**Q** 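The following block contains the structure, expressed as structure tokens.
In the text below, chain A, chain B and the rest are named by the order of the sequence lines, each starting its count at 1. If you're wondering where the values come from, they're calculated on a predicted model, not measured in any experiment.
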Amino acid sequence: MTPRIDIPETAKVGEIIEIKTLIRHSMLSEPGSSEAGTDAQDLTPLKWFVAKFNNEEIFRTELTASLSANPYISFFFKVPGPGDFLFLWAEESGRAWTRKHKLATQ
Amino acid sequence: MNRREFGKLWLLSLVGIAAAWRSWTPVARASELDVEKHIAALTNNRKLEQGRVAIELPQISRSAKSVPFTVRVDSPMTSSDYVKSIHLFAAENDLPKVASFFLSPKGGKAEVSSRMRLKKSQAVIAVAEMNDGTWFIGRRTIEIARPGFTGTR
């Protein structure tokens, strides 16, 4: 279950880029209540999505089961220079998934 | 009773009817009061100002399971003037709190998008906290063409 991200590979310093993310997750808390196309063993909805750039937090979302299955989150980031993104999705249970992305600047 | 007195009496009775009507109709629905409580706890009972918060939704959504939304807050997003957080509520959902987004001036733009479940047609409410401690509220109604089971408990 690799989360999907859609971010440019390169950007200009000072440019505001959109960061789009999606993770396959039922967002439901009952076993057997999964919808088609989601992971059946998800038992607790995702609680946190955290985005970091060069180890500094830039954005965070607290999710609830009122968000749709396979939660999609998009937000913006003003590029300060080249660096590394780290994205983390975590359930309250402690289960978590991460994705990394390298950003170069022109 | 002359004409003038009659006019006064008529006006008074109108005021009376209006007052009676107001006390008789519930001011807000129970579910909206629930959201108001959520927001009061969040804001520490601060006054909510109108404007600056825009919620973008389809006018009518066919699906109750996945309704796309965008919340945009009018802010320069500089280190001295930025949006700290955005909180979204759907009063008619079993779980009225939809999501909270925590922003920083590093974002450059106060705009977030996602998808939510909406049990039925309703008003969606977003509140935003500015770095100076002020709060703004925005509201938008939406029709759900096929209400019903959304998957939330």
Side-chain angles (χ1 to χ4, degrees), chain A residues 6 11-23 25-38 42 44-81 83 85 89, chain B residues 31 34-35 38 42 56 61 63-73 75-79 82-120 122 124-125 149-153:
Chain A
D6 182 1
K12 289 183 193 127
V13 174
E15 190 182 340
I16 296 173
I17 57 170
E18 185 173 13
I19 295 171
K20 296 176 181 173
T21 70
L22 189 140
I23 185 167
H25 195 289
S26 76
M27 291 303 284
L28 298 174
S29 40
E30 280 173 293
S33 58
S34 268
E35 291 162 25
T38 62
D42 304 332
T44 59
L46 289 166
K47 170 93 170 152
W48 296 108
F49 165 72
V50 181
K52 290 183 176 185
F53 187 72
N54 291 340
N55 269 325
E56 244 185 286
E57 185 171 318
I58 56 168
F59 181 79
R60 175 184 286 259
T61 302
E62 185 183 359
L63 299 88
T64 75
S66 266
L67 285 176
S68 304
N70 304 326
Y72 161 83
I73 297 171
S74 109
F75 61 99
F76 289 85
F77 180 61
K78 191 172 178 179
V79 177
F85 285 107
W89 291 258
Chain B
S31 45
D34 197 40
V35 168
H38 262 100
L42 201 64
E56 213 174 89
S61 178
S63 165
K65 281 185 180 176
S66 184
V67 181
F69 68 86
T70 295
V71 183
R72 195 176 295 118
V73 185
S75 164
M77 291 305 271
T78 59
S79 53
Y82 64 93
V83 180
K84 274 176 84 174
S85 60
I86 299 170
H87 311 263
L88 193 70
F89 298 93
E92 301 293 337
N93 276 11
D94 294 342
L95 201 65
K97 187 176 165 177
V98 176
S100 291
F101 304 94
F102 300 90
L103 293 78
S104 85
K106 295 183 183 83
K109 192 171 171 182
E111 183 180 320
V112 293
S113 301
S114 185
R115 299 177 191 132
M116 64 183 154
R117 306 172 205 254
L118 287 176
K119 205 178 173 187
K120 50 178 152 173
Q122 58 181 292
V124 173
I125 294 158
F149 179 70
T150 57
T152 55
R153 280 188 298 163

**Q** Look up atom CG in A/Leu67 and atom NZ in B/Lys97, then write down how far apart they are to the nearest 0.5 Å.
**A** 10.5 Å
**Q** Using the side chain to side chain contact (heavy atoms under 4.5 Å, CB included) rule, pick out the option among B/Ser114, B/Ser66, B/Pro68 that qualifies with A/Ser68.
**A** B/Ser66
**Q** Can you measure from CZ (A/Phe76) to CD (B/Glu111) and round to the nearest 0.5 angstrom?
**A** 4.0 Å
**Q** Going from NZ on B/Lys106 to CD1 on A/Ile16, what distance comes out if it is rounded to the nearest 0.5 angstrom?
**A** 14.5 Å
**Q** Do you know which of B/Gly107, B/Ala110, B/Ala99 has the most heavy-atom pairs under 4.5 Å to chain A?
**A** B/Gly107
**Q** Are B/Phe102 and A/Thr61 side-chain neighbours, meaning at least one heavy-atom pair lies under 4.5 Å?
**A** no
**Q** Roughly how far apart are A/Leu28 CG and B/Arg117 CZ, rounded to 0.5 Å?
**A** 4.5 Å
**Q** Counting only heavy atoms closer than 4.5 Å, note whether A/Ile19 contacts chain B via side chain, backbone, both or neither.
**A** neither
**Q** Do you know which of A/Lys20, A/Lys78, A/Glu56 has the most heavy-atom pairs with chain B at a distance under 4.5 angstrom?
**A** A/Lys78
**Q** Keeping the roles fixed (side chain from A/Ser66, backbone from B/Leu95), state whether a donor-acceptor pair exists under 3.5 Å.
**A** yes
